[in-house]
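Fair warning: this is a prediction, and the values are worked out from it, not measured in the lab. This chain uses plain numbering: 1 for the first residue, then up along the sequence.
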Amino acid sequence: MDVFELTLQTLERIMSAEDGMSIMLLDDHTLSLVSMTFGWSMKECFNHEVFQLDKLASNREMMPEVTAIVLLRADLTSLATLQAELEDPKYKEYRLYFTSPLAATDLELLAEADGKHVVTCVEEVYLDVFPIDHHVFSCEALGAYQDPSGLSGPFLQRTLQGLNSLLSGLKLNPCIRYQGNSPQCATLADEVSRQQRTQDPDTLLLILDRRDDLVTPSLLPWTYQALIHDIVGVDQGRLQRHNLNSIQLPAELRHKAFSPFQDAFLRQSRFATWPEVITMQQSLRDKYSQQKKLQEGVHQGSLKDMKTFLLNYDDYESIRDSAELHIGLLTSMGVGFYDRACASGTVDMLDEQTQLFAERKRKASKRRIEELMPERKLHSSDKLRMGMLHCIKHAGDESEAAGIASLLEQQGVPRGCCRAVQHASSMAASGQPGVTGDCFKYISSLTYQQESEVDLFVFQHTPLLATRLKQLEKDNLSTRAFPWQGKAGSRPKRVIVFMVGGIAYEEVKLVNTVNKTTEMQVLLGGTYVHNLSTLCEELNSARS
């Protein structure tokens, strides 16, 4: 159940299907998909004789000797653009691949547009989700709670097509369970089951609701990949450029890919804690220094030295790119992050969020937040985080949530984020859709243990997902709270967990650990991969 290998093998097959030079025409969705898979680099495309990636909607010159490989989502905009292209073709032939189902009426319209008979292939390929890690995928869609009665409209269509595409690509026909008190999970479970003919009792699709654990994406994370996503933002395998000014990363590093698939250092360090990454950085510096010395020695060395360098140039280039990016990130972020999180200022953010959960009394917790708000050295996003965590733990008090939102707005927190705090308070309250009794046991169990070997809550915190997976492993997940959709299965060997409302990188780390330490294999997916900023967007999309 490797999402990345599925994507890579499918793209390589598409690119290798035609002899000779080709151009690949894409839409926004598939451009991101191809770029994520190949690390935002053309090198792998060149290896398959694809000399150019371009958007189908762009202006291009005539190349009558070239084959066009067209990879699109079958949406109205892309299909209309493709029709216009086929009516006035620029290439010798067109091979059409669609990542989502193509309706018969759309196929007829494309056939009518192909008056010059340049289309030689039409095929649906199962590439309608984004690979985040080898065992993690995302639909990259926000707005799970727009319809309180369940998933509907374009969001349902996008989620359903992505999930069905993944199951078809991996040739899986799972039994289905879902969170029973979530209308969104119930809708999705029903729609997926309708398109199944058979079910494998050893494979389970478990559909969960993000609202049952709003804590995990709200916490200040402490592992490298999650921290980068929280502070800078990682969008489809690249750092979000509009956030890079805050950490003063050199301009030449801002276009680099940030993906564990091509980046060996990120692959090794993505689940490491911040202090561990600082230590690992030294090893990366040493490798980079050795490669630089080798490069400098080539100019004065023998032909044998030059040949050795050229044969290993790909390794040198990979180490150089990785070293420049991560050393730049760690250097640029280091001082600012420690000011925020590790008590080099007047507030230790990690300690504060720890004690916020340890404090069981609502009034004492609110009083501490009011004391922290005027603190100038406390970053505005961390003030938002504190307000969010308080309102999740003490959910359901609308007037108190409104007061905290007002306080945050006075401290310069964007109004939309302040509204999200109020939404979090109402959505996380007992008895609300998508919130189980386990959620409150879980929140009350998050305590601060000063005498423990590692006395920071962020190290001790375990997502609620860990409880669900443990229950599945022991075959005691409640059938009342998580009913079967259709046929009941047995204790699963393979589990696809799909989180309506999005996942967090801490859950990615959890699944990586489960896959290494248990016999049960887990594939994690969600409608989005959240940091605090995108969680606010998700919450604000909700309608009462």
Side-chain angles (χ1 to χ4, degrees), residues 7-100 102-103 105-125 127-128 130 140 235-239 241-242 251-252 254-257 259 262 313-314 317 321:
T7 307
L8 180 64
Q9 290 173 12
T10 305
L11 289 176
E12 287 181 337
R13 178 179 66 80
I14 289 171
M15 291 178 171
S16 304
E18 184 68 28
D19 293 331
M21 298 299 287
S22 305
I23 184 172
M24 198 165 193
L25 301 178
L26 309 158
D27 57 20
D28 288 337
H29 169 86
T30 55
L31 176 61
S32 295
L33 180 72
V34 172
S35 301
M36 282 177 73
T37 307
F38 294 129
W40 293 89
S41 167
M42 281 297 298
K43 187 186 297 182
E44 288 297 322
C45 299
F46 291 151
N47 291 341
H48 293 88
E49 296 191 274
V50 175
F51 70 91
Q52 184 178 343
L53 298 181
D54 211 338
K55 284 191 177 182
L56 180 65
S58 65
N59 293 321
R60 288 163 278 108
E61 61 184 45
M62 295 283 289
M63 294 184 184
E65 71 286 356
V66 170
T67 295
I69 301 168
V70 184
L71 180 64
L72 306 171
R73 286 200 86 243
D75 58 37
L76 292 175
T77 303
S78 294
L79 290 172
T81 308
L82 180 57
Q83 280 181 259
E85 176 79 20
L86 295 178
E87 288 168 356
D88 184 20
K90 297 178 175 63
Y91 308 105
K92 175 179 67 176
E93 62 182 53
Y94 288 75
R95 301 180 63 85
L96 308 183
Y97 299 92
F98 296 95
T99 65
S100 54
L102 185 66
T105 51
D106 292 326
L107 188 59
E108 290 174 7
L109 290 172
L110 292 177
E112 291 174 9
D114 184 27
K116 297 183 180 179
H117 306 291
V118 290
V119 175
T120 60
C121 167
V122 180
E123 182 183 340
E124 181 184 349
V125 291
L127 296 176
D128 212 20
F130 293 97
E140 294 296 282
D235 183 20
Q236 298 173 354
R238 298 183 91 172
L239 299 173
R241 295 188 183 187
H242 62 277
E252 63 272 15
R254 299 186 178 201
H255 67 282
K256 302 282 187 183
S259 166
Q262 296 81 21
Y313 183 74
D314 283 350
E317 193 175 41
D321 290 349

Side-chain (Asp27) to main-chain (Arg73) donor-acceptor, under 3.5 angstrom:
yes
If you measure from SG on Cys45 to CD1 on Ile23, what distance do you get to the nearest 0.5 Å?
11.5 Å
How long is the span from the CG atom in Leu71 to the CD atom in Glu123, to the nearest 0.5 Å?
10.5 Å
When you compare the side chain of Arg60 with that of Leu25, does any pair of heavy atoms fall below 4.5 Å?
yes
Tell me the closest heavy-atom pair linking Leu102 and Ala74, and the distance in Å.
CD1-CB, 4.0 Å
SB check Glu93 Lys116 (cutoff 4.0 Å):
no
Keeping Ser32 on the side-chain end and Gln236 on the backbone end, is there a donor-acceptor pair under 3.5 Å?
no
Is a side-chain N or O of Asp235 found less than 3.5 angstrom from the main chain of Arg238, in a donor-acceptor match?
no
Would you check if Ser22 and Tyr91 make a side-chain contact, meaning some heavy-atom pair closer than 4.5 Å?
no
Within-4.5 Å side-chain heavy-atom neighbours: Leu26 and Leu53
yes
Calculate, to the nearest 0.5 Å, the distance between atoms CD and CZ belonging to Glu140 and Phe130 respectively.
6.0 Å
Closest contact, heavy atoms only, Pro89 versus Tyr94
CA-OH, 3.5 Å
Taking Leu31's backbone N and O only, do any of them form a donor-acceptor pair with Ser35's side chain (distance below 3.5 Å, no angle check)?
yes
Shortest non-hydrogen contact from Leu86 toward Val118:
CD2-CG2, 4.2 Å
In Å, rounded to the nearest 0.5 Å, how long is the span from CG of Leu11 to CG of Leu127?
5.5 Å
Within the distance-only criterion (no hydrogens, no angle test), does the side chain of Glu61 pair as donor or acceptor with the backbone N or O of Lys90 below 3.5 angstrom?
no
Do Arg95 and Thr67 come close enough that some side-chain heavy atom pair is under 4.5 Å?
yes
Leu79 CG to Leu109 CG distance, which is reported to the nearest 0.5 Å:
8.5 Å
So, do Thr7 and Met36 sit near enough that their side-chain heavy atoms are less than 4.5 Å apart?
no
Can you name the one residue among Leu72, Ile14, Thr10 that meets side-chain contact (heavy atoms from CB on, under 4.5 Å) with Tyr97?
Ile14
On a heavy-atom basis, the closest approach of Asp54 and Ser58 is OD1-OG, 2.9 Å
Suppose we screen for salt bridge (charged side-chain N to carboxylate O under 4.0 Å, His left out). Which residues come up paired with Asp28, at least two apart in sequence or across chains?
Lys55
Closest non-hydrogen contact found for Ala113 with Gln83 is CB-O, 3.7 Å
Minimum-distance pair of heavy atoms, taken over all atoms of Phe46 and Phe51:
CE2-O, 3.4 Å
Is a donor on one side and an acceptor on the other found under 3.5 Å between the side chain of Ser16 and the backbone of Arg13?
no
Using 0.5 Å steps for rounding, measure from the NE2 atom of His48 to the CE atom of Met21.
13.0 Å
Could you check whether any side-chain N or O of Thr37 sits under 3.5 Å from a backbone N or O of Leu33, counting only pairs where one atom can act as donor and the other as acceptor?
yes
